[in-house]
Each structure stands twice: as structure tokens, then as C-alpha cells.
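Notes for the one structure printed next.
All values below come from the heavy atoms of this structure, side chains included, with hydrogens, waters and symmetry mates left out.
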Amino acid sequence: MISTTRFTAILITALTVFSLAAANADVHQWGRFETNFSAEKTVSNPIQEIRLEVDFTAPDGSIQTRLGFWDGEKTWKVRFSPTQTGEWKYSTRCVKGSDKGLNNQSGKFTCTAYSGENPLYQHGELQLSKNRRYIQYADETPYFFLADTVWNGPLFSDIAGWVKFLTLRQQQNFNAIQFVTTQWRAAEGDANGNPAFSGVEKISINEKFYQRMDDYFDAINQHGMVAVPVLLWAINGKQNPGNFLPEDQRILLAEYQVARYGAHQTIWFLAGDGEYRKEKAGPWRRIGRAVFGDNHHRLATMHPAGSHWVADEFRNEKWFSFLGYQSGHGDSDGNYKWTFAGPASKEWKNQPPRPIINIEPNYEGILAYQSKKPHPALHVRRASYWSLLCAPPAGITYGAHGIWGWHFERGPAIGHNGNGDGDPWHIAMNLPGANHMAHLYDFFTSINWWELHPDQSLVANQQQAAKDFIVAARSKQGDLAVLYAPGGGAIRVNAASLKLPMQAKWFNPRSGSWTDEGPVKEKVQHFTAPNNEDWILYLQ
């Protein structure tokens with residue numbers, strides 16, 4: 001295990017090498033090329049007065065266009081992630097505001113093959129699978145999305161603490177980090193007191209906020225994880241830019257962030273925690289088209305409020321890559337049924353297909369809506385396995401109270417007094433549920449998880465399945481089946497649709513251990529879990 005101090009040194013060295021590579025016009029495939037331009041004149045509000053576009057011509061002659069971004073005083077930059085090896089050329093143009101220092105600039109760089117061990121660069125940028133059911137890398141290696149929720153992490157942490165946290169999550173198999181990249185209801189700005197922007201009718205970017213944020217994006221990718229920023233937090237409240245900014249200014253703010261971080265390995269959450277249903281969806285559809293348009297080279301979705309379902313509103317949007325939803329933090333039977341047998345269990349049959357991912361299930365340690373008791377790790381596991389097996393699995397998100405708000409002492413998160421007290425981040429990051437997510441990842445990636453689809457008929461007693469919240473899935477070929485039993489106990493399996501004989505095993509989601517159950521030969525067969533805790537029955 002690399003110490004935090006040593007890893008920080010390695011990270012700084014890596015970032016320095018990246019800067020030198022950019023200056024020497026040399027970058028590896030799927031990495032980041034960056035170059036600066038110096039404006040001839042100073043303008044009072046660059047984001048409002050100038051729009052810089054840069055055309056990148058690939059070795060095969062194809063062209064990709066990226067926005068440049070302002071980085072203080074007269075400095076403008078562009079970042080680009082090359083998809084092909086060989087020589088690339090670029091040229092600039094001001095499509096708004098004329099500036100000789102920015103217009104008609106050109107150059108070239110060489111993209112080399114990647115030779116390291118970071119999966120983001122070994123396999124390439126993320127995209128949808130051919131059947132549009134899950135996410136894969138550019139080389140078609142399946143990508144099982146396992147994210148942690150750290151809304152305030154980059155805002156409040158120092159870089160040493162951030163590296164310590166990321167190092168642990170990397171060891172626990174997490175491969176994505178969800179966070180917020182502006183001021184919002186839980187943070188007025190960053191640790192230095194900088195907001196991301198000021199103003200309402202005509203916003204101004206605070207470049208110091210984003211210059212600091214750069215290191216946190218870099219660190220996520222350096223740890224082999226995808227950065228998943230919320231561009232516009234949108235719940236009601238004067239602190240949330242997705243709520244109080246006019247539509248055109250929301251577009252500008254989101255475009256700036258996409259320009260600055262689109263060359264990182266990212267997945268975009270356009271808006272967070274808002275109401276996007278019915279007529280409320282209209283502005284967000286327009287914003288998504290304006291921000292991502294036809295030049296869409298990263299996956300994107302919405303982060304809806306709890307138990308909101310927005311498939312009908314966004315299913316046909318070209319920029320909308322997968323269906324993210326929030327089952328939230330309830331602990332009533334109604335909440336459980338919504339997760340276990342609600343919209344997600346039906347949506348996967350609709351066209352066009354989209355990956356379906358619960359991006360905010362029960363947070364470990366947060367007070368439940370109904371009982372007002374902290375959610376234990378069991379609730380986290382249940383919500384996760386229910387979500388993964390009630391629709392074709394694509395991934396899941398974890399959250400821990402104390403981590404998402406990045407607490408420095410025990411207490412409530414800023415602006416969230418009803419959620420109970422969370423431990424300091426360095427304690428909360430060691431809650432047991434995170435290790436259980438590591439086991440979850442190990443389980444799914446040990447099988448062809450992308451072949452699974454829901455099939456509740458595998459439970460012979462349907463009344464038992466509904467009563468005990470047992471969820472089941474199998475492969476189309478019938479050579480693989482998975483059943484999750486939240487309370488253990490006995491299960492009668494209807495194996496008529498499976499390729500018998502098969503072998504049965506129990507997987508312990510708390511320890512990651514396996515227990516052999518024996519052969520499956522009968523079309524209806526009885527199994528009893530090792531104890532009355534939650535277990536997964538695996539047949540192959």
C-alpha cells in the first residue's frame with residue numbers, strides 16, 4: 001500500500017509530467033492535451049463577451065470541436081482528449097467577440113500509445129454498449145459503474161485528505177466519484193471561501209475556484225476513477241444555481257465546466273436533486289441540448305429528486321445517455337417496494353434502451369425518512385442489490401453520512417439538519433457498507449453481469465418473493481442465474497428456464513465469501529440460506 005505522503009508526491013510528479021507533455025506537444029491516447037492562448041485585450045466579463053472554439057483534426061482527417069475556457073486575466077486554454085494515435089492539428093476561432101490573440105491560432109501535437117496501468121487509458125473513454133444496456137470502455141470492455149457520493153469533497157478537503165480518501169476507495173473497487181462543482185445548498189464556496197461564480201442575470205466566473213478544483217479532478221482520474229460532477233444543483237433554494245439562475249446563464253455555467261473538464265474522463269450530471277417531471281422538464285431538455293448538442297463526447301444524465309422518475313421526459317434526448325434515479329433514504333415498505341418493484345423494474349422493457357442506475361440509494365448512517373433511525377449497512381446492501389437485479393445491471397452508487405458532506409467534526413451536514421449527525425470524513429469513510437460495496441463489485445465482475453436481465457419467475461413462490469423482497473435475474477441463455485434474499489431463509493427456485501444441470505453457491509455480501517450448495521438438477525428445487533441474514537444464491 002502506498003502511503004498518503006508518497007502518493008501525494010507521485011501525484012504531483014504525474015501532474016508535472018502532464019504539464020511538460022502538454023508544453024512539448026506530446027500526450028498519450030485518452031490523456032489530456034492542453035495549450036494556452038493569450039488574448040490581445042482585456043474584457044470585463046470574458047464568459048459573456050467571448051466564445052472560443054477550437055477544431056482538432058485527427059490523423060484520419062476527422063474533426064472534433066471543443067470550447068476554450070477563460071482562466072484569468074488574458075489567459076485562455078483548451079483541453080482535449082485524443083482518441084487516435086498520431087499527429088493532431090488544431091486551429092482556433094472566436095465565434096463571439098473578436099480578439100487577434102485568440103482567433104486563427106494553430107498548432108499540432110503527437111498522440112502516442114498509452115503504456116501504463118490506469119484502466120481509463122488502457123481501455124479508453126466510456127460509451128454505451130451496442131445494446132445500450134450498460135456502459136463500456138472504447139475497446140468494448142464492460143464497465144460496472146460503482147460510484148461513491150462525495151458532494152462536498154473537492155470543495156472542502158485539502159489535497160492530502162482527498163488523496164487519502166481516493167486511495168482507500170480505489171482499494172475498495174470504486175471507479176467513479178460523484179461531487180458538486182459550484183456553490184450549492186451545502187457549501188457557499190470552497191475551502192478558501194471562493195464561490196464558483198457571482199451574479200445572476202450576467203454571471204462572472206471565479207477562475208480561482210476552478211483552478212483549485214483542477215487538482216481534484218486530476219486526482220480522481222489518476223486513481224483510475226471517473227469524475228462525475230453535478231454541474232447545476234437544482235433543488236429549490238437561493239444557493240442552488242440550477243434553481244435561481246436564468247436559463248441562458250445556467251447554460252453558460254455548465255458550458256464553462258464542460259469546456260474545462262471535458263478532456264478528463266468524466267460522466268456529467270447536468271442537474272442535481274431537482275424537479276424535472278412534466279412541464280418542468282422543458283428547460284432542462286433545452287439546456288442539455290445547448291450544453292452537449294451534437295458534439296457529445298461524454299456520457300450525461302440527470303440526478304432527479306427522491307423517487308422521481310423522469311424516463312418519459314428524457315428518454316429520447318440524444319445527449320441523455322443513461323437513466324439515473326434516486327430511490328432516496330426512506331425505510332417504509334412503500335419506499336422499499338418503489339426500489340424493488342417500481343419504475344426501474346418496468347422501464348428496461350421500453351425503447352430506446354438505456355442503462356438504468358440508482359445514483360442515490362440509502363446513505364449509510366443518514367436518518368431514514370420514516371423511522372428517523374440511521375440507515376445501517378444492511379439497508380445499503382438491500383437497496384443496491386434490489387436496484388441491480390430489478391433491471392439489467394449497469395452499476396450502483398454508495399453514500400455515507402459524513403462523507404457526502406465532508407464533515408470535519410461530528411454533526412449535521414450544512415443545510416441538511418433533518419438528516420442526523422454524521423461522523424468526520426476520515427471516520428465515516430471506514431463505515432462497513434463501503435467494504436460491502438467492494439464485495440458487491442467483486443461478485444458482479446466475477447460473472448458476465450452484462451448478460452443478466454430480471455426474471456422473477458425464478459422464485460417458485462411469487463407470494464414469498466413479494467413478501468420477502470426477493471429479486472431474481474438470469475441470462476437469456478439460461479446458463480446463469482442470481483437471486484438476492486434480503487432475509488436469507490428458504491427459497492424454492494423454479495429452474496425450468498435454466499440449462500440444467502447447474503451448480504449452486506451462496507455468496508455472502510457482508511464478507512465476500514462463498515459457500516457451495518451443490519448441483520441443481522430439478523426443475524423446482526429447494527434451497528436454504530446459511531443463516532437469516534441477506535445472501536445471494538448463484539446458479540451456473
Going by the angle between their ring planes, with limits at 30° and 60°, are [X] and [Y] parallel, tilted or perpendicular?
{"X": "Phe145", "Y": "Tyr143", "result": "perpendicular"}
{"X": "His401", "Y": "His407", "result": "perpendicular"}
{"X": "Phe144", "Y": "Tyr441", "result": "perpendicular"}
{"X": "Tyr134", "Y": "Trp450", "result": "tilted"}
{"X": "Trp162", "Y": "Phe179", "result": "perpendicular"}
{"X": "Trp151", "Y": "Trp233", "result": "perpendicular"}

Residues [X], [Y]: salt bridge by 4.0 Å N-O rule:
{"X": "Lys96", "Y": "Glu49", "answer": "no"}
{"X": "Glu247", "Y": "Arg286", "answer": "yes"}
{"X": "Glu313", "Y": "Arg277", "answer": "no"}
{"X": "Glu317", "Y": "Arg315", "answer": "no"}

Pair His329 + Tyr363: ring centers closer than 6.0 Å: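 Ring centres of Tyr363 and His329 closer than 6.0 Å.
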Is Arg66 close enough and on-axis enough to Phe80, meaning under 6.0 Å and within 45°, for cation-pi?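 No.
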Other residues, nucleotides and ligands only: do more than 12 of their heavy atoms fall within 6.0 Å of CD on Glu188?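 Atom CD in Glu188 is not crowded, with 12 or fewer foreign heavy atoms closer than 6.0 Å.
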